There are 4 protein chains.
Amino acid sequence: MPDQPAPRPPDPQRRNQKSRRAILDTALDLCAEHGYGPVTVEAIAARAGVSKKTIYRWWPSKGAVVLEALDDAATPAADFPDTGDIRADLVTQMEGLLRGLFADPRVGRALTGLIADTQHAPDLARDLDQMLIQPRAEQARTRLAKARTDGGIRADADLDLSLELLYGPVYYRLLLHQGDLHSSAEIRELVDHVLRALAPHAPE
Amino acid sequence: MPDQPAPRPPDPQRRNQKSRRAILDTALDLCAEHGYGPVTVEAIAARAGVSKKTIYRWWPSKGAVVLEALDDAATPAADFPDTGDIRADLVTQMEGLLRGLFADPRVGRALTGLIADTQHAPDLARDLDQMLIQPRAEQARTRLAKARTDGGIRADADLDLSLELLYGPVYYRLLLHQGDLHSSAEIRELVDHVLRALAPHAPE
Amino acid sequence: MPDQPAPRPPDPQRRNQKSRRAILDTALDLCAEHGYGPVTVEAIAARAGVSKKTIYRWWPSKGAVVLEALDDAATPAADFPDTGDIRADLVTQMEGLLRGLFADPRVGRALTGLIADTQHAPDLARDLDQMLIQPRAEQARTRLAKARTDGGIRADADLDLSLELLYGPVYYRLLLHQGDLHSSAEIRELVDHVLRALAPHAPE
Amino acid sequence: MPDQPAPRPPDPQRRNQKSRRAILDTALDLCAEHGYGPVTVEAIAARAGVSKKTIYRWWPSKGAVVLEALDDAATPAADFPDTGDIRADLVTQMEGLLRGLFADPRVGRALTGLIADTQHAPDLARDLDQMLIQPRAEQARTRLAKARTDGGIRADADLDLSLELLYGPVYYRLLLHQGDLHSSAEIRELVDHVLRALAPHAPE
DNA sequence: CGATAAACGAGACGGTACGTCGAGTCTTTGG
DNA sequence: CCAAAGACTCGACGTACCGTCTCGTTTATCG
């Protein structure tokens with residue numbers, strides 16, 4: 001009870017990988033079965049055959065567990081294609097984003113629930129952004145920047161706003177319409193819309 | 001199983017309006033102070049000087065209380081302006097939406113937290129949509145439809161997609177970037193973008 | 001979560017007597033089955049069909065529960081007999097003490113475990129003394145004081161020491177020899193010994 | 001069930017004496033600082049700079065560690081004096097017991113806590129009795145037996161009861177009154193009482 | 001105007017999960 | 001090749017809210 005000489009952080013070297021996998025898999029499974037909200041650390045531990053202590057040793061919260069599980073499950077943000085055709089490339093990337101993020105069918109409810117959770121957990125929000133959101137957005141930004149130089153889109157295009165125009169509707173649907181993913185056709189339409197707005201020859 | 005004597009619903013006539021006001025006000029206050037997540041029915045009851053029973057008598061959950069509080073606090077979705085200038089009207093409407101919804105400074109965290117909560121509560125999702133989201137979206141849709149007939153925007157414009165383009169980015173920011181509201185300038189830019197994509201003469 | 005306006009103590013009026021009884025009974029039952037040590041608040045709550053909160057609302061610890069259970073179970077310290085025969089009265093009282101305290105066969109292990117627990121819980125020690133130990137000792141002290149005036153025992157007898165001589169051996173056996181109660185014969189012998197030491201005519 | 005390969009007991013030869021000392025010392029230190037109850041194997045290991053495994057290799061429980069520490073710390077039960085004066089000898093022995101057992105100021109809380117612990121650990125009870133209690137009691141019994149033969153005390157004296165009369169009050173105070181040791185004067189008084197009861201000439 | 005039934009405040013209740021702690025076991029690693 | 005370091009499972013801790021459920025006590029119709 002006495003002597004807390006320094007609560008050293010755990011040593012990642014000695015980590016039990018089997019437990020880690022069981023925890024992440026179980027977390028996604030439970031999210032898929034009941035939705036993110038009702039999932040509890042207690043239940044994850046129980047089904048994964050792991051003690052709660054082990055979960056809390058490596059993650060600060062349920063959200064952090066699910067985030068890592070999602071990161072594991074997501075197809076890594078592939079290299080952004082650059083075929084010269086900005087429209088085709090954007091479509092490819094956004095399709096890749098959606099199909100990649102949601103490759104694992106268990107991901108859907110987990111992701112939206114997780115985003116919901118970030119409203120009361122700034123740390124989680126930051127991590128989610130850094131691990132899942134930004135890397136993928138960055139690719140699109142890079143490609144758009146190149147298009148701007150190449151003349152594929154107008155020279156004064158606002159890249160941040162463009163990204164918001166592209167991703168906003170997608171997340172909007174996810175969160176406000178319960179995970180109703182955009183179809184490929186809709187994505188094409190979405191990209192067309194945005195590109196039309198960005199067309200180089202529309203001088204206003 | 002002598003079918004229990006029908007637990008009659010409470011009589012709205014006898015409702016104590018003072019309690020109702022105290023509850024709604026307290027709910028918003030607490031959301032503003034601590035964020036939506038940490039607020040509990042228990043705390044609302046305590047600070048409002050009301051018994052938990054009274055809350056549960058009239059609302060099924062914390063979310064429902066906050067939703068009603070938001071609806072009360074929001075400037076009612078005013079009549080949509082129709083000056084003939086579709087751009088100006090859209091800007092007006094979106095500004096009105098944002099400034100109206102967020103007129104009360106306590107609304108911000110409450111609203112995003114509430115949206116988050118809908119991920120695990122379909123009923124709440126439906127009510128939120130009906131009470132706050134749809135009425136305002138409907139106005140924009142109506143105005144866009146008129147513009148489509150008038151030739152203000154292209155005849156084959158996809159209204160649903162247009163609405164997603166307009167609102168998507170706004171909610172995207174709210175939820176994924178912690179309530180960073182769009183400025184008036186950004187709203188104008190946003191509307192410009194969308195209208196440019198919908199411009200009647202852009203034949204592509 | 002906020003606003004802890006004053007953690008008022010619970011209102012004894014509204015106490016659920018059925019829960020109280022179930023808790024006290026279960027506590028003694030479990031002590032009898034497994035011994036005091038292994039009994040947990042969790043187990044008491046579970047078997048009594050009661051929530052842990054209810055236990056912690058009314059008692060600060062397992063020990064306090066068991067103490068109250070013992071107090072309930074013990075035959076109240078009956079009026080001390082005063083037949084004029086100090087020897088007979090002391091025997092009666094000590095017999096009464098032992099048979100009364102241990103009337104309920106579940107008491108044994110509970111009591112010794114409880115005494116053990118007092119080593120790390122001063123509050124519990126105080127309460128145990130006040131509720132169970134002192135009242136019974138006080139009777140003996142009173143009777144001895146009278147005997148001292150009456151000449152039944154020597155005038156300079158040290159009552160405190162006499163009490164220690166009487167009760168010390170009893171508790172000594174209980175604690176160091178695992179609840180091996182003194183038989184009636186042994187009690188008589190014990191009283192005889194002490195009285196012989198206190199005999200009025202032994203002038204040293 | 002291929003009968004597991006015999007988990008050979010550790011080889012006492014290879015035992016690290018420095019660890020042993022550190023463990024025993026730390027155990028007493030911690031008992032002195034916080035009392036026996038709150039001390040944990042975890043804390044002993046941490047402060048002694050030793051792994052928990054090392055403790056569990058050589059002792060079955062915290063109690064066993066403390067018992068050995070006490071045995072180490074106690075002045076060995078010296079040879080019982082036999083000056084011919086039974087009163088003086090008993091006083092000497094009981095003083096020796098108390099001052100010897102409690103020579104190390106850290107012993108007090110450790111011992112009472114340990115006795116408390118024996119209530120739920122029969123093995124520990126046995127070991128405590130064999131290592132600390134009985135050896136010292138045996139000396140007194142031997143001396144009393146001699147006195148019985150010599151006529152120092154009555155021929156029909158019950159030695160077991162006499163021992164209980166002598167030691168009972170001491171342990172009674174230790175356990176029920178929080179380590180309030182008897183003073184030398186009180187010990188003399190105690191021995192006098194008992195001897196008066198045992199006096200050979202008291203005819204009753 | 002007084003009876004009476006409802007909503008009300010207060011708050012105890014059975015639950016479920018929280019996040020922490022220590023027990024005792026098992027594994028990895030370095031001297 | 002031992003023993004330190006320490007991660008592991010297990011189970012209990014004491015707390016917080018949940019949503020339900022009495023309790024008296026207002027309060028506000030209606031007979």
Side-chain angles (χ1 to χ4, degrees), chain A residues 1 4 7-16 18-20 38-46 48-58 60-62, chain B residues 7-8 10-16 18-19 38-46 48-58 60-62, chain C residues 1 4 7-16 18-20 38-46 48-58 60-62, chain D residues 7 10-11 14-16 19 38-46 48-58 60-62:
Chain A
M1 184 211 223
Q4 58 273 39
R8 253 178 306 97
D11 178 355
Q13 298 284 9
R14 318 196 136 219
R15 184 163 189 184
N16 183 337
K18 219 150 66 179
S19 293
R20 178 179 174 275
V39 170
T40 66
V41 173
E42 200 116 353
I44 298 175
V50 137
S51 82
K52 284 200 290 177
K53 180 96 184 222
T54 296
I55 295 184
Y56 284 112
R57 191 178 352 256
W58 302 107
S61 66
K62 166 177 87 165
Chain B
R8 253 179 311 96
D11 178 355
Q13 298 285 8
R14 318 194 58 142
R15 184 165 189 181
N16 183 338
K18 217 153 66 180
S19 293
V39 171
T40 65
V41 172
E42 202 116 349
I44 297 175
V50 139
S51 88
K52 287 202 291 176
K53 181 87 186 208
T54 298
I55 295 185
Y56 283 112
R57 182 160 21 237
W58 301 107
S61 67
K62 165 178 86 164
Chain C
M1 181 207 229
Q4 56 277 38
R8 249 177 309 95
D11 178 356
Q13 298 284 7
R14 312 188 146 239
R15 185 161 190 184
N16 183 337
K18 218 152 66 180
S19 294
R20 178 178 173 277
V39 171
T40 66
V41 172
E42 199 115 354
I44 297 175
V50 138
S51 83
K52 285 201 288 176
K53 181 84 186 226
T54 297
I55 295 184
Y56 283 113
R57 188 171 1 249
W58 302 107
S61 66
K62 166 178 85 165
Chain D
D11 177 355
R14 320 197 58 149
R15 184 162 187 184
N16 183 336
S19 293
V39 171
T40 65
V41 172
E42 201 116 349
I44 297 175
V50 137
S51 89
K52 285 202 291 175
K53 181 82 187 209
T54 298
I55 295 184
Y56 283 114
R57 200 186 332 268
W58 302 107
S61 67
K62 168 177 84 164

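A note on names: the letters A, B, ... follow the listed sequences, proteins ahead of strands, and every chain is numbered from 1. What you are looking at is a predicted structure, and each value in this text was computed from that prediction instead of being measured.
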Rounded to the nearest angstrom, tell me the gap between atom [atom1] in [X] and atom [atom2] in [N].
| X | N | atom1 | atom2 | result |
| --- | --- | --- | --- | --- |
| C/Trp58 | E/dG11 | CH2 | P | 11 Å |
| D/Arg57 | F/dC2 | CZ | P | 9 Å |
| D/Ile44 | E/dG22 | CD1 | C1' | 12 Å |
| A/Arg15 | F/dC8 | CZ | P | 8 Å |
| B/Ile55 | F/dT20 | CD1 | C1' | 14 Å |
| D/Asn16 | F/dC1 | CG | P | 18 Å |
| C/Arg20 | E/dA12 | CZ | P | 16 Å |

Which heavy atom of C/Pro12 sits nearest a heavy atom of C/Pro10, and at what distance?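 Heavy atoms of C/Pro12 and C/Pro10 come nearest at CD-O, 3.3 Å.
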Give a yes/no answer on whether the side chain of B/Ser19 brings an N or O atom under 4.0 Å of OP1 or OP2 in E/dG9.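 For E/dG9, OP1/OP2 do have a side-chain N/O of B/Ser19 under 4.0 Å.
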Taking only N and O in the side chain of A/Thr54, is any of them less than 4.0 Å away from OP1 or OP2 of F/dT9?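 For A/Thr54, the contact criterion (side-chain N or O under 4.0 Å from OP1 or OP2 of F/dT9) is met.
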Side-chain donor or acceptor of D/Lys62 paired with backbone N/O of D/Val39 under 3.5 Å: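 Such a contact is found between D/Lys62 side chain and D/Val39 backbone.
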Identify each atom pair where a protein N or O and an N or O of nucleotides 28-31 of chain E are less than 3.5 Å apart, giving names and distance.
residue : atom : partner : partner atom : Å
E/dT28  : O2   : A/Arg14 : NH1          : 3.4
E/dT28  : O2   : A/Arg14 : NH2          : 2.8
E/dT29  : O4'  : A/Arg14 : NH2          : 3.2

N/O-N/O pairs, protein side and nucleotides 10-14 of chain F side, under 3.5 Å:
residue : atom : partner : partner atom : Å
F/dC13  : OP1  : C/Val41 : N            : 3.0
F/dC13  : OP2  : C/Val41 : N            : 3.4
F/dC13  : OP2  : C/Glu42 : N            : 2.9
F/dG14  : OP2  : C/Tyr56 : OH           : 2.2
F/dG14  : O5'  : C/Tyr56 : OH           : 3.4
F/dG14  : N7   : C/Lys52 : NZ           : 2.8
F/dG14  : O6   : C/Lys52 : NZ           : 2.7

When you measure from the centre of the six-membered ring of C/Trp58, is the NZ or CZ of C/Arg15 under 6.0 Å away and within 45° of the axis?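 Yes - C/Arg15 lies over the ring of C/Trp58, closer than 6.0 Å to its centre and within 45° of its axis.
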If I take atom OG from residue D/Ser51 and atom CZ from residue D/Arg57, how far apart are they, to the nearest 0.5 angstrom?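 So the OG of D/Ser51 and the CZ of D/Arg57 are separated by 6.5 Å.
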Let me confirm one number: the CD1-CD distance from B/Ile55 to B/Glu42, rounded to the nearest 0.5 Å.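 Spacing of CD1 (B/Ile55) from CD (B/Glu42) equals 9.5 Å.
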